Each structure stands twice: as C-alpha cells, then as structure tokens.
Amino acid sequence: ELRLVQQLHHINKQRMDNLDEEVIVEGLTPFDVAMGGAKKISPPADFDGPVRSRRITDPLCLLFLFATWGVGTWIGAFNLQTGNYDVVVHPVDYRGRICGIDKDSDGKVLPKYWHPVDIFSNGVCVAECPTESNLVPTSKSDLICKDEYDLLAPDNTPLSGLVGCSSNGVISDDPDALVACGGCMYRGGGVKNVSDYCIPSAVTPIIAKVVELAESKSMGASGNWTDFEYSLEDWNSFEFATPIQRLVKDLRTVFPIFAGVGIGGTFLLGMLYIVAFLFPTCIAPAVWLSAGLIPAACGGGGALLFFLANDYKLDESGLHTDREALFLNILAYTAWTLCGLVIIFLIRYARKINLGISMAKVASVGMRRVEMITVFAFVQFLLYAIVLGIFLLWFLMIAATEDFVWSQGKAFGNRLYFKEHNTANGNLYSFMLWFLIFALWWTTEFFTAIGKLTLSSSFAKWYYTPEKEGGHTVSVFGSLCCSLTKHAGTAAFGSLIIKMVQIVRFPIQVLQWCIKRSGLDNGCIDAIICSCQCCLFTIERFLKFTSKEAYIHTSVFGTSFCKSSHESFFLSGRNIDIVGECGSVGLWSIIFPKMLITLLVSIVSFVMMDTFYGDAMFSITNVTLIIAILAWYLSEIFMDVISVGCSTTLYCFLADEEIMGEEGSPFATKELDDFLALVNTNSSYPRLFKIDSQNTDVEGIEAGLKMVPRYDDPPSSMD
C-alpha cells in the first residue's frame, strides 16, 4: 500500500511539473480546470439547505413555450372546425360518400358496409357483407356493382370513361364485361366484417379471376402491361383503408382494452411499485421478482408473435402481407434473444442490482417523509393522459381535414374515374402536423422536467432537515408551486434542447427508412447514416444526463439551467470515483419494474384483443405497439419518483461534502452511510482517505498522508 501511494504521489508531482498547474483534481483534465471545473460550489453564507431567496430563471424560453402552446391551440381549434371525424372512422365509397352517413342520389342514407368494386381498391356501400363467393357469375345481380347511374356513364359526368358497361342506354348483363369496364367486382366468400369493411376470407381467387380476365382480353399475353398506370402484375391484394384509417378504426374498436388495460393497467402497476418502494423490506423482492419475470414475459411474448406470424402467412384474405409476417417473426426472435440476454445480464450484474436496491432504500426513507407523493404521481399521470388525449384529437382532425378529388387510372384499355382522399392545401396541413408533433414532444418533456424539479426540491428539503427522525415532513405541492413560479423556464429550456436533438434525429431515421425501402442503400450510405445517428444519440444521452443533474442543482441553489449544468457537471467530475461507482445504480432498481410493466400490459392487451376482437381488427400488432410505447413512457412517471430520489440524495451528499470540507456532511442518514460503505467495499478503487497535495516529498510520504474517513464506518476489511 505504501508503494502504491508513493507511485500516486510521483504521478501527481509529474503532472504538476509538466502542466505547471497549481490545481490538479482527480477526474478533471487541464481543459476542465481551465473552464472552471476545479472551482468548488460556493453557496450563500447562511446556506443550510435549498435556498429560500430565488429568482425566476430562464423566462424567455418559457415565453417561447407559451407561444408554442398558443399556436398549437389555434391549429387544434381550426381543425376541429374543418375536420370531419366520420371520414376516418367510417368507410368511404368510390364517389367519396361516407357509408352509413351520406345519402345517395335518391336521398336515402347509404348502407354502412363497404365492399371492393374495382381493381383500384375503390368500394361501394352495401347493406350486408356477402356470405358466399361467386366467381362464375351469370348476370349482373351476381356481382357487386357501382350505381346504375354511373354504369350508364352519361357524357356530362366524370365517370363517362366506363366504356363497355352499357350500350344504347342499357346496362350490359355480361358479368365479364362489367368487371372489365371497371363497374363491378366478383363477390368474395367467407367475408368477415372488420370495422364495417367486408373483407373476403380468400382474396387470391378473386385476383386470379381478374388477371385471367385480363389475359383473355390480351392484356397479359401481349406484354403491354406498361401501357397502364396500374400494373395487374403487381396487384396482389385490395387496400382496405389507409394506414391511419386502419389504426384509428382499430383503436376505436378496442378502446375499452386500450384505456382499461393499456393506460389503466400501467397506472395500477406503477402505483403498486411506488407503494412497495415506500417500505424498504419490499424493495428487494419487488426488484428481483420483476427481474425474474422479464425473461418469462419475453419468452411468452415471442411465442405469441411467432404463432401470429404463422397465422398471417396462412391468411388469404389479403388483409395481412408477407412483409407483416416477416416483421412479426423478427419481433419474435428479438424477444427470445432479449430473454437470453436478460438472464445473462442478471447473472453478470447481480452486484450492481443489489447496489441499486440499497440506493432505493435510501430514497425510500425520503419518500415516506414527502407528503402526498403518491397523489403527485397520480396528478402527473392524469395530466399526461389529458394532454395526450387533446393532441391525439388534434392529430385525428388533421387527418380528417381532407377533401375528395377526382382521380383516374387505366385498366383493360379503359380509363376509370373515382374520388380519392386527398389533402387540400397539403403544405399547410403538413406544417400543422409537424408543428403539433414538435409541440407534443416539447410539452411532454416539459411536464417531465417539472416533475423532476418538484421531486428534486422535495427530496433536497428532506435531506437538509437536521432532525430527520423527528417526524418532519415535506410538502410536494409546495415544491411544485415553487417549480412552476420560479423555475418553469428552466424546465422549458432543458426540455427544448433535448427535443431539438430528437427532432434532428427523426428526419435522419425517415431518410434511412426511405433509402432502404427504395433499395438504394449500400455500405457507404449505411455507414454515414449510422454514424450520424450514433453521434446524435450520444449528444442526446449527454444532454439528458446533464439536464437531470441540472434540475437537481436548480432545485437546491436556484440557478439557471446553463449555470446549473456547468456546476453540476463539474461537481460530478470532481467526484468521478463515487459517481462512476454509484451514479447510475438507481437505474438498476427501476429498469426492471419499468420493463415488466411494459411487457405485462402489452401481453395482456394482445391476448384480450385477440380473444375478443381478433376478427374485427385490421392489425393487433400495431395497436399492441402503441400500447407498449405508451406504457413505457407513462410508467416513467412512477419510476421517476424513485430515480429522482436516488439521484437527489446522492447529489446533495456530494455537494454538502464539498461545502463542509473535512467536517463531513451532518445531514447524511444511516441508510446513506450504509450504502456508501457498501459501494466502497465493492469498489475497485476504494476512496477511504485523501492525500495532502501540499506535501509531495516521496521520502516523507507517511507524513504526507492525511487520513480523512470518507464514510462514518469504513468496512473493516479495508482498515
């Protein structure tokens, strides 16, 4: 040990000689020192906890956030007036009329069901879905046809291009001629009703029959497929609604499960975890039980995805493509791989998990002293749900703020006209959509930041309470009032810079997806895009780390975001040994509960949707992914209570130790002392004493040692 200390002194002396620096701080580079990294925190002279005299921080960014909310509200109000909700929740026929809502030429309300009527996936409204297929029709009544008015095709209508459907004012009774002219379609058998869409159980025979008809009219044998805007060679299915319409219709169908199991289940499990973490004896069982159930959940979820992929492969309705089946197989194998990785991870990092549990016990003491902390989590969750619901309504109205315009296509030598959903003034609505996405991202991150500021302030007030065992409590809503009135601008600033990086990342992800889909990707392009993604991801992680520490510093010292980021970053640098060992251990106590909540909610929702609504949905997978994403982010509200408690307690200890110097922190609890002693026992570089840097004489090294216990009770193994 003496030789090791001599070597450390010799290294420090060489650094001092070579760099000609008066201050050498472990964990900081000369550049850090030049930027003020060695300057310790200098609180007010009467500092005894979070400062009482505060000013409003970063107000300009808060004004910018208010302006963003104002513009977003105007966009939402505008689209609520111009949007038509029925457009996205009900089928629309080839004339742009809403089935079950609009009226026909005779003034009667159109039937509510939709059936495909031509090869362009246009449909007509029918009274009921056919139960039997008829691919060998003998008359017009055996087909699904457009309105007789359009089959007659007067010259003064856009549908006058339906050549061959009628002759001399009489509709043809030749079924093949009616299909070839684009006026009718064969009936599909075994039709199932999916959100009022009549979907044949086997669409392949219908497509084969149409292609056979095309070849009989010399449309395939002649090889002149390229003469047509729509190639029958590429036609393998009907398009039943747009992707947005499918998702909206599915969410409308399974809304009880989406709200009850998806959102309600996340809330219930999150509250159960908070209650469990209030009792130190329940923390270890809760964390290890969650960690043990995750591999089982991943394995079970992978099996469900694998069997669903096989069902998609066997499905001949055209509702599910081979690409969707492949995607599900990839997800299944990913889930199984994650199962194995989690098991290996649990074995490899069991010590880190135990450290995280010990740190959670430290935060648990503070959680019990913060009044109504569970109510605060509930209010934050409710606010999240309300804001998310408002923005989703605005997005829905933007999707519904569309007009139907006449479009055309060519098949069998005829030009077909039909109305399709097309955005009017597309540039304006695209701007509205992207602006609302930006506003939603910033708003959700802002609420998260306010929650972290509030919790940090509450835990900091508890930490700096001298008589912790005297039953003293802290009001979380008092801290919330301070955060909203004094530091809302800091929350807006910190959330904005993180979202700006994510906004830059998003177009790159879209570009990468478009390149891969077009088949133009190569090794060089992939390397460039992946490098950009890696750099932006690293910046995002750095900013998230910095902002979390900055929020804690702001809650204690009342400084602005930039100053708090600067001081908190270098405080971590000056204590890099302990931050490196236990700065992220709080994560180990919350990551497994968060993963388990997401997996359980997703799997239960998947099974219930498949059981009760399996035949009435376009895609169970898409809705399950939406539920999983929401569960992951909403569960973070509850896990932040534990995570912020761990981070704030450790940060206050480091700041207090630096402020108090060799006197040590008088506010550290027994649980914190036990945790730090445990960290020191397991650390590869135990920090049990400091070296007097003023004495660098190697010969007199023993005189240069100044034993300063870092913790109250150092472990006996290191005495």
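The chain is numbered in sequence order, starting from 1. Note that the structure is predicted; figures quoted are calculated from it, not measured.
Here the CD1 atom belonging to Ile627 is positioned 12.5 Å from the CD1 atom belonging to Ile603, to the nearest 0.5 angstrom. Considering CZ of Phe493 and OG of Ser564, their distance stands at 11.0 Å, rounded to 0.5 Å. To the nearest 0.5 Å, the span separating NZ on Lys352 from CE on Met359 amounts to 13.0 Å. From Leu600, atom CG reaches atom OG of Ser605 across 10.0 Å, with rounding to the nearest 0.5 Å. Atom CD1 of Ile629 sits about 11.5 Å away from atom CG of Leu634, to the nearest 0.5 Å. Expressed to the nearest 0.5 Å, how far NE2 of His553 lies from CG of Leu571 amounts to 8.0 Å.
No side-chain heavy atom of Phe376 sits less than 4.5 Å from a side-chain heavy atom of Met372. Residues Leu480 and Ile450 meet the side-chain proximity criterion, which asks for heavy atoms closer than 4.5 Å. Looking only at side-chain heavy atoms (C-beta outward), Thr374 and Met271 come within less than 4.5 Å of each other. When side chains are defined from C-beta on, Tyr463 does not count as touching Leu650, because their heavy atoms never get closer than 4.5 Å. Proximity of Phe592 to Trp288: side-chain heavy atoms (C-beta onward) are nowhere separated by under 4.5 Å. Under the 4.5 Å side-chain criterion, counting only non-hydrogen atoms from C-beta, Leu80 is in contact with Trp394. By the 4.5 Å heavy-atom criterion applied to side chains, Asp250 and Met609 are not counted as neighbours. For the pair Leu630/Thr266, no side-chain contact is recorded, criterion being any heavy-atom separation below 4.5 Å from C-beta on.
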Output side-chain donor-acceptor pairs under 3.5 Å for residues 53-61, partner residues at least two apart or in another chain, one line each.
| residue | atom | partner | partner atom | Å |
| --- | --- | --- | --- | --- |
| Arg54 | NE | Val51 | O | 3.0 |
| Arg54 | NH1 | His487 | NE2 | 2.9 |
| Arg54 | NH1 | Thr554 | O | 3.0 |
| Arg54 | NH2 | Val51 | O | 3.4 |
| Arg54 | NH2 | Ser555 | O | 2.5 |
| Thr57 | OG1 | Lys486 | O | 3.3 |
| Thr57 | OG1 | His487 | ND1 | 3.1 |
| Thr57 | OG1 | Thr490 | OG1 | 2.5 |
| Asp58 | OD2 | Thr490 | OG1 | 2.8 |
| Asp58 | OD2 | Phe561 | N | 3.0 |

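Side-chain atoms of Ser457 do not come within 3.5 Å of backbone N or O of Leu453 as any donor-acceptor pair. A donor-acceptor pair under 3.5 Å links the side-chain atoms of Ser495 to the main chain of Ala492, judged by distance alone. The closest donor-acceptor contact from the side chain of Ser458 to the backbone of Thr454 lies under 3.5 Å.
Between Phe267 and Phe381, the gap from one ring centroid to the other is short of 6.0 Å. Here the two rings, on Trp462 and Phe459, have centers that are 6.0 Å apart or farther.
The shortest non-hydrogen separation linking Val476 to Glu371 is CG1-O, 3.1 Å. Nearest heavy-atom pair across Val556 and Ala460 is CG2-CB, 3.8 Å. Residue Val362 comes nearest to Glu671 through the heavy atom pair CG2-O, 3.5 Å, listed as atom of the first residue, atom of the second, then distance. Of all non-hydrogen atoms in Tyr551 and Ala449, the two that sit nearest each other are OH-CB, 3.4 Å. Shown here for Ser602 and Thr624, the closest heavy-atom pair between the two residues is O-CG2, 3.8 Å. In this structure, Ser589 and Ile642 approach most closely via the heavy-atom pair OG-CG2, 4.2 Å.
In this view, Trp442 and Phe64, Phe438 satisfy the ring pair (Phe, Tyr, Trp, His ring centres under 6.0 Å) rule, not counting sequence neighbours.
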Determine, stepwise, if the pair Thr443 / Phe391 fulfils side chain to side chain contact (heavy atoms under 4.5 Å, CB included). CA-CA 10 Å; Thr443 302; Phe391 274 94; 4.2 Å; yes

Carefully, step by step, assess Ile390 and Leu393 under the rule side chain to side chain contact (heavy atoms under 4.5 Å, CB included). CA-CA 5 Å; Ile390 292 174; Leu393 178 61; 5.8 Å; no

Under the side chain to side chain contact (heavy atoms under 4.5 Å, CB included) rule, what do Trp632 and Met595 come out as? Steps first, then yes or no, please. CA-CA 7 Å; Trp632 177 264; Met595 291 178 64; 3.9 Å; yes

Please test Thr444 against Tyr633 for side chain to side chain contact (heavy atoms under 4.5 Å, CB included), starting from the C-alpha separation and ending with a verdict. CA-CA 10 Å; Thr444 54; Tyr633 282 102; over 6 Å; no

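The 12-atom threshold is not exceeded at CH2 of Trp434, counting heavy atoms of other residues, nucleotides or ligands nearer than 6.0 Å. Counted within 6.0 Å of CZ on Phe477, heavy atoms from surrounding residues, nucleotides or ligands total more than 12; the atom is thus considered enclosed.
Using modelled atom types, one finds no donor on one side chain facing an acceptor on the other under 3.5 Å when comparing Ser456 with Tyr651.
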